[in-house]
**Student:** 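Would you mind keeping the following structure in view while I ask a few things?
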Amino acid sequence: MSVKTRFAPSPTGYLHVGGARTALYSWLHARANDGEFVLRIEDTDLERSTPEAVQAIMDGMKWLALEWDEGPIYQTHRFDRYKEVIQQLTGEQKAYPCFCSRERLDELRENQMNNKEKPRYDGKCRDLTAEQIDLSKDHVVRFKNPKEGVVTFKDVVKGEITIANKELDDLIIARTDGSPTYNFTVVVDDMDMGITQVIRGDDHINNTPRQINIFDALGYAAPEFGHVPMILGDDGKKLSKRHGAVSVMQYRDDGYLPEAVLNYLVRLGWSHGDQEVFSIAEMKSLFDINNINKAPSAFNTDKLKWLNQQYIKSTPIEKLMPHLQWHLDQQGVELSDGPEIADLVVEFSERAQTLNELVTVLKPYYQEFEAFDPKAAKKHLRPVARPVLELIKSKFAAVNDWQPESIQAAVDQTAAELDVGMGKVGMPLRVAATGAGMSPAIDLTLLWVGKERAIARIEKALDFISLRESQA
RNA sequence: GUUCCUAUAGUCUAGUGGCUAAGGACACUUGGCUUUCUACCAAGUUACUGGGGUUCGAAUCCCCAUAGGAACACCA
């Protein structure tokens with residue numbers, strides 16, 4: 001049977017890292033096995049589902065390039081089908097109407113809790129006689145769960161799991177208004193769509209035996225299940241709004257490349273020997289559902305940053321450019337009358353962990369900076385630097401052919417004439433020209449800043465030094 | 001409370017009974033390279049939760065404890 005997996009989020013919020021990883025694993029398993037990947041929207045909770053959330057989830061998947069082969073399939077469009085299956089089960093006495101009031105259920109639950117028992121339905125309506133059933137009265141439909149025996153399944157990540165049927169109760173499959181509930185719709189959908197592996201969060205483990213029983217009642221062989229553990233925050237605690245339970249789109253905004261995020265996520269809970277860096281193509285061919293780790297793992301932003309830098313360094317400029325352009329636009333950096341961006345990216349890519357940082361360090365070559373970096377200025381724009389900057393300024397003014405060689409020659413001559421080391425010339429010049437204490441080699445830096453701008457900035461630095469002297 | 005899941009360094013992980021005085025990566029420390037900051041190279045610190053078994057031999061199998069987590073809705 002050919003592989004078919006699905007990602008089935010409920011549209012109640014954005015796509016967060018946990019969901020993204022589950023989607024990634026499902027997608028990879030399909031791709032690794034020449035299978036299909038379906039996107040299914042579990043929107044049977046009419047109250048909490050929103051079209052905005054559906055859009056947000058699809059935006060997240062598109063940014064990550066987790067393309068689906070089928071869907072999105074909305075469960076709300078399949079109500080007729082669910083109704084049909086409920087009727088089938090009721091007709092076969094595998095499900096039954098239940099007339100218990102919410103009040104009775106609440107009371108029952110409370111009593112059980114007080115007696116330190118697991119709260120569950122007591123089966124009051126399970127064996128009602130035909131005369132006792134009046135379908136005109138408000139009722140839900142419950143699935144008749146087996147009372148005896150155990151449900152055992154081999155989870156592809158957790159191993160064999162067994163739960164006794166007596167721990168399970170007769171769950172509601174149709175609400176009073178006739179709408180179907182989650183544990184039922186997943187089963188019908190996974191059956192109808194021919195899903196072969198269900199990969200989902202391990203918070204669903206406890207639902208699985210119930211679902212298997214429904215598959216059994218339907219006479220359909222259940223798919224394989226793989227329950228992936230949750231992702232913890234940087235601090236090892238459960239992910240929450242405060243730390244990291246953010247939308248994957250936040251990672252775009254923060255300057256991460258989708259491939260880096262995917263690479264980070266695939267290694268978080270999965271491994272292939274000692275390999276750390278995986279291209280998308282490698283992931284697709286090497287991913288093995290059986291190597292998923294059983295234990296929850298903590299998100300580590302440092303490592304993501306490292307990976308992101310690896311990707312920034314190794315991604316060819318033409319592939320990197322669209323992403324970089326997006327961030328340049330965000331920060332309002334205009335490339336049109338500055339140096340060739342590709343030349344700079346080669347030099348700067350190893351100096352930035354995120355695209356945001358990259359834009360920040362690129363900026364001075366395309367527009368004026370507001371102020372000198374305080375720390376760098378304090379250290380290098382001191383009175384002793386004045387003669388250096390004055391001399392280099394005059395030498396620069398005399399350079400007609402603004403090229404690395406001529407720039408370097410001017411710098412070398414300045415150091416020689418003043419009999420100072422390179423450091424005494426290079427650093428003040430660097431800070432003056434770029435506003436910051438770090439940049440590529442001085443000749444390239446100045447080449448890209450441009451002759452006119454370099455001279456203007458040196459003057460600005462001299463003013464800065466004067467101002468500083470007057471304040472001392 | 002009941003049931004289920006989990007447990008190798010700060011973090012992600014390798015390890016599926018002997019090849020391991022536990023390997024890789026991030027982070028950290030030190031050194032090299034470097035006019036700066038990176039990157040890069042080299043070296044180093046740090047771990048099998050505890051206790052019982054099984055076995056000639058256990059990080060690896062079993063049990064208990066401990067600690068985390070999940071589920072127990074007319075949510076998904």
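Every heavy atom of this structure was used, including side-chain atoms; hydrogens, water molecules and symmetry mates were not. Reminder, nothing fancy here: chain letters follow the sequence lines and each chain counts from 1.
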**Student:** Given the C1' atoms of B:A58 and B:U20, what is the spacing between them in whole Å?
**Tutor:**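 Rounded to whole Å, the distance is 12 Å.
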**Student:** Taking atom types as they are modelled, is there a donor-acceptor pair under 3.5 Å from the base of B:C37 to the side chain of A:Ser439?
**Tutor:**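 Check fails, no donor-acceptor contact within cut-off.
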**Student:** For B:U60, give the paired nucleotide (Watson-Crick: N1-N3 plus N6-O4 or O6-N4; G-U: N1-O2 and O6-N3; both under 3.5 Å), or none.
**Tutor:**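 The answer is none; no pair meets the criterion.
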**Student:** With both distances kept under 3.5 Å, what pairs with B:G31, Watson-Crick or G-U wobble?
**Tutor:**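 In the structure as shown, B:G31 has B:C41 as its Watson-Crick or wobble partner.
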**Student:** Strictly by Watson-Crick or wobble contacts shorter than 3.5 Å, is anything paired with B:U36, and which nucleotide is it?
**Tutor:**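 Paired with B:U36, as far as the under-3.5 Å criterion goes, is no nucleotide at all.
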**Student:** Pick the nucleotide of RNA chain B nearest each of A:Ala441 and A:Gly269; which residue has the one closer to the 5' end?
**Tutor:**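 Nearest nucleotide further toward 5': that of A:Gly269.
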**Student:** Does NZ or CZ of A:Lys460 come closer than 6.0 Å to the centre of the six-membered ring of A:Phe369, within 45° of the ring's axis?
**Tutor:**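 Ring-cation test returns yes.
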**Student:** Which whole-number value in Å describes the distance from A:Phe184 CZ to B:A73 C1'?
**Tutor:**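 So the CZ-C1' distance, A:Phe184 to B:A73, works out to 18 Å.
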**Student:** Verify the contact: side-chain N or O of A:Arg267 to OP1 or OP2 of B:U13, cut-off strictly under 4.0 Å; return yes or no.
**Tutor:**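 The answer is no; no side-chain N or O of A:Arg267 sits under 4.0 Å from OP1 or OP2.
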**Student:** With a 4.0 Å cut-off on heavy atoms, is A:Glu347 in touch with a base, just the backbone sugar-phosphate, or nothing at all?
**Tutor:**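 If one applies the 4.0 Å heavy-atom cut-off, A:Glu347 turns out to touch nothing in the nucleic acid.
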**Student:** Phosphate oxygens OP1/OP2 of B:U38: is one of them under 4.0 Å from a side-chain N or O of A:Gln309?
**Tutor:**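 Indeed not, no polar side-chain atom of A:Gln309 lies that close.
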**Student:** Starting the side chain at C-beta, find the nucleotide from B:U38, B:A76, B:C26 nearest to A:Asp45.
**Tutor:**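 For the A:Asp45 side chain, the nearest candidate turns out to be B:A76.
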**Student:** Can you tell me, in whole Å, how much space there is between the P of B:A14 and that of B:U6?
**Tutor:**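 To the nearest whole Å, 15 Å.
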**Student:** Map A:Ile442 and A:Pro180 onto RNA chain B by nearest heavy atom, then report which one ends up closer to the 5' terminus.
**Tutor:**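 With A:Ile442 and A:Pro180 compared, the 5'-side residue is A:Ile442.
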**Student:** Has A:Gln211 got a side-chain N or O lying under 4.0 Å from the OP1 or OP2 atom of B:A71?
**Tutor:**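 For B:A71, OP1/OP2 do not have a side-chain N/O of A:Gln211 under 4.0 Å.
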**Student:** Given A:Asp169, which partner from the list A:Lys147, A:Arg210, A:Lys118 fulfils the salt bridge (Lys or Arg N to Asp or Glu O under 4.0 Å) test?
**Tutor:**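 Exactly one option meets the salt bridge (Lys or Arg N to Asp or Glu O under 4.0 Å) with A:Asp169, and it is A:Arg210.
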**Student:** Using side-chain hydrogen bond (donor to acceptor under 3.5 Å, both in side chains), reason through A:Asn308 and A:Asn263 one step at a time and then give a plain yes or no.
**Tutor:** CA-CA 9 Å; A:Asn308 201 51; A:Asn263 195 147; over 6 Å; no
**Student:** Out of B:U3, B:C5, B:G1, which has the shortest distance to the side chain of A:Pro119?
**Tutor:**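 Per side-chain heavy atoms of A:Pro119, the pick is B:G1.
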**Student:** Check every atom of B:C4, B:U6, B:U13 against the side chain of A:Ser271 and return the nucleotide holding the closest atom.
**Tutor:**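 So the nucleotide nearest the side chain must be B:U13.
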**Student:** With rounding to the closest Å, how many angstrom separate the C1' atoms on B:U11 and B:U3?
**Tutor:**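 To the nearest whole Å, 31 Å.
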**Student:** Under the side-chain contact (heavy atoms from CB on, under 4.5 Å) test against A:Asp170, which residue among A:Lys124, A:Arg120, A:Arg126 passes?
**Tutor:**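 Answer after filtering A:Lys124, A:Arg120, A:Arg126: A:Arg126.
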**Student:** Does A:His227 stack onto the base of B:A70, taking stacking as ring centres under 5.5 Å apart and planes under 30° apart?
**Tutor:**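 Stacking between A:His227 and B:A70: absent.
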**Student:** Quantified in whole Å, what is the C1' atom distance between nucleotide B:U45 and nucleotide B:C28?
**Tutor:**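 Going atom to atom, C1' in each nucleotide, I get 8 Å.
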**Student:** Which nucleotide, B:C26, B:U35, B:U3, lies nearest any side-chain atom of A:Trp306?
**Tutor:**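 My answer, after comparing the listed nucleotides, is B:C26.
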**Student:** For the residue pair A:Arg142 and A:Tyr121, would you count it as a cation-pi contact if the rule is NZ or CZ under 6.0 angstrom from the ring centre and within 45 degrees of the ring axis?
**Tutor:**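 So A:Arg142 does make the cation-pi contact.
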**Student:** What's the closest nucleotide to the A:Ile161 side chain, out of B:C72, B:U13, B:C4?
**Tutor:**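 Among the listed nucleotides, the one closest to the side chain of A:Ile161 is B:C4.
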**Student:** Closest to the A:Lys313 side chain: B:C40, B:A76, B:U36?
**Tutor:**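 Given the options B:C40, B:A76, B:U36, the side chain of A:Lys313 is closest to B:C40.
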**Student:** Roughly how many Å apart are B:A27 and B:G44, using the C1' atom of each and rounding to a whole number?
**Tutor:**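 Roughly 14 Å separates the two C1' atoms.
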**Student:** Any donor-acceptor pair under 3.5 Å joining the side chain of A:Asn207 to the base of B:A76?
**Tutor:**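 Answer is yes: a donor-acceptor pair is held.
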**Student:** Any non-hydrogen side-chain atom of A:Val411 less than 4.5 Å from a side-chain atom of A:Ile392?
**Tutor:**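 A:Val411 vs A:Ile392: side chains touch.
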**Student:** On a whole-Å scale, what distance lies between the C1' atoms belonging to B:G32 and B:C12?
**Tutor:**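 Each nucleotide's C1' atom is 29 Å from the other's.
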**Student:** Rounded to the nearest angstrom, tell me the gap between atom CD in A:Glu110 and atom C1' in B:A73.
**Tutor:**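 Rounded to whole Å, this separation is 15 Å.
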**Student:** Output the rounded distance in Å from CZ (A:Arg120) to P (B:C74).
**Tutor:**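 One finds 15 Å between P of B:C74 and CZ of A:Arg120, rounded.
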**Student:** Of the options B:G23, B:C5, B:U36, whose atoms approach the side-chain atoms of A:Arg351 most closely?
**Tutor:**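 Nearest to the side-chain atoms of A:Arg351, counting from C-beta on, is B:U36.
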**Student:** CD of A:Gln275 versus C1' of B:G23: gap in Å, rounded?
**Tutor:**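 After rounding, the reported distance stands at 16 Å.
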**Student:** Under 4.0 Å, heavy atoms only, any strand: does A:Ala164 hit a base, just the sugar-phosphate, or nothing?
**Tutor:**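 The answer is nothing, as A:Ala164 stays clear of every strand by at least 4.0 Å.
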**Student:** What contact category does A:Arg102 fall into here, base, sugar-phosphate, or nothing, at under 4.0 angstrom with non-hydrogen atoms?
**Tutor:**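 Touches a base.
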**Student:** Measure CD1/A:Ile163 against P/B:U2 and give the value in whole Å, please.
**Tutor:**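 Distance, rounded to whole Å: 16 Å.
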**Student:** For the C1' atoms, the ones on B:C48 and on B:A59, what distance do you get once it is rounded to whole angstrom?
**Tutor:**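 Those two atoms are separated by 4 Å.
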**Student:** Checking contacts here: which listed nucleotide (B:U36, B:C74, B:A14) is nearest the side-chain heavy atoms of A:Asn293?
**Tutor:**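 Of the candidates, B:A14 comes closest.
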**Student:** Under a 3.5 Å cut-off for both distances, is B:U16 Watson-Crick or wobble paired, and to whom?
**Tutor:**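 Looking at the geometry, B:U16 pairs with no nucleotide.
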**Student:** Any base atoms under 4.0 Å from A:Pro440, or only sugar-phosphate, or nothing? Heavy atoms, all strands.
**Tutor:**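 Base contact.
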**Student:** In whole angstroms, how far is the P atom of B:C4 from the NZ atom of A:Lys294?
**Tutor:**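 Value for this atom pair: 16 Å.
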**Student:** NA contact type, A:Glu117, heavy-atom cut-off 4.0 Å: base, sugar-phosphate, or nothing?
**Tutor:**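 Counting heavy atoms under 4.0 Å across all strands, the contact made by A:Glu117 includes a base.
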**Student:** Quick one: look up who B:A22 pairs with, Watson-Crick or G-U, both distances under 3.5 Å, and put none if it's unpaired.
**Tutor:**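 Here B:A22 is not engaged in any pair, so there is no nucleotide opposite it.
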**Student:** Determine the interatomic distance between C1' on B:A21 and the same-named atom on B:U29; round to the nearest Å.
**Tutor:**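 That atom pair is separated by 24 Å.
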**Student:** Give a yes/no on whether any side-chain N or O of A:Arg48 is located under 4.0 angstrom from OP1 or OP2 of B:A73.
**Tutor:**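 So the side chain of A:Arg48 is outside the cut-off, no N or O lying under 4.0 Å from OP1 or OP2 of B:A73.
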**Student:** Before we go on, tell me: are the rings of A:Tyr264 and A:Phe278 under 6.0 Å apart, centre to centre?
**Tutor:**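 Ring-ring flag for A:Tyr264/A:Phe278: false, centres at least 6.0 Å apart.
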**Student:** For B:A7, which nucleotide in any strand shown is its Watson-Crick or wobble partner with both distances under 3.5 Å?
**Tutor:**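 Pairing partner, where one exists within any strand: B:U66.
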**Student:** Side-chain contact test, heavy atoms from C-beta onward, threshold under 4.5 Å: evaluate it for A:Leu108 versus A:Asp122 and give yes or no.
**Tutor:**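 Of all side-chain heavy-atom pairs linking A:Asp122 with A:Leu108, at least one is under 4.5 Å.
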**Student:** Restricting to non-hydrogen atoms, name the atom on A:Leu24 and the atom on A:Leu262 that form the minimum distance, rounded to 0.1 Å.
**Tutor:**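 Taking every non-hydrogen atom into account, CD2-O, 3.6 Å.
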**Student:** Counting any heavy atom closer than 4.0 Å, what does A:Glu167 reach on the DNA or RNA strands: base, sugar-phosphate only, or nothing?
**Tutor:**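 Answer is sugar-phosphate: A:Glu167 comes under 4.0 Å of backbone atoms only.
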**Student:** To the nearest Å, how far apart are A:Arg104 CZ and B:C74 P?
**Tutor:**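 Computing the A:Arg104:CZ to B:C74:P distance gives 12 Å.
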**Student:** When you get a sec, tell me which of B:U6, B:C74, B:G1 is the closest nucleotide to the side chain of A:Lys118?
**Tutor:**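 Nearest to the side-chain atoms of A:Lys118, counting from C-beta on, is B:G1.
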**Student:** How is A:Lys303 classified with respect to the nucleic acid when contacts are heavy atoms under 4.0 Å: base, sugar-phosphate, or nothing?
**Tutor:**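 Base contact - A:Lys303 has a heavy atom under 4.0 Å of at least one base atom.
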**Student:** Please report the distance, rounded to the nearest Å, between CG in A:Asn206 and P in B:U3.
**Tutor:**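 It works out to 12 Å between those atoms.
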**Student:** Counting heavy atoms from C-beta on, name the nucleotide in B:A76, B:A39, B:U35 closest to the side chain of A:Ser10.
**Tutor:**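 Of all the options, the side chain of A:Ser10 is nearest to B:A76.
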**Student:** Would you call A:Lys303-A:Glu276 a salt bridge at under 4.0 Å N-O?
**Tutor:**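 Yes, charged N to carboxylate O under 4.0 Å.
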**Student:** I want to check one thing: is the phosphate of B:C75, taken as OP1 and OP2, less than 4.0 Å away from some side-chain N or O of A:Thr44?
**Tutor:**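 A:Thr44 to B:C75 OP1/OP2: no side-chain N or O under 4.0 Å.
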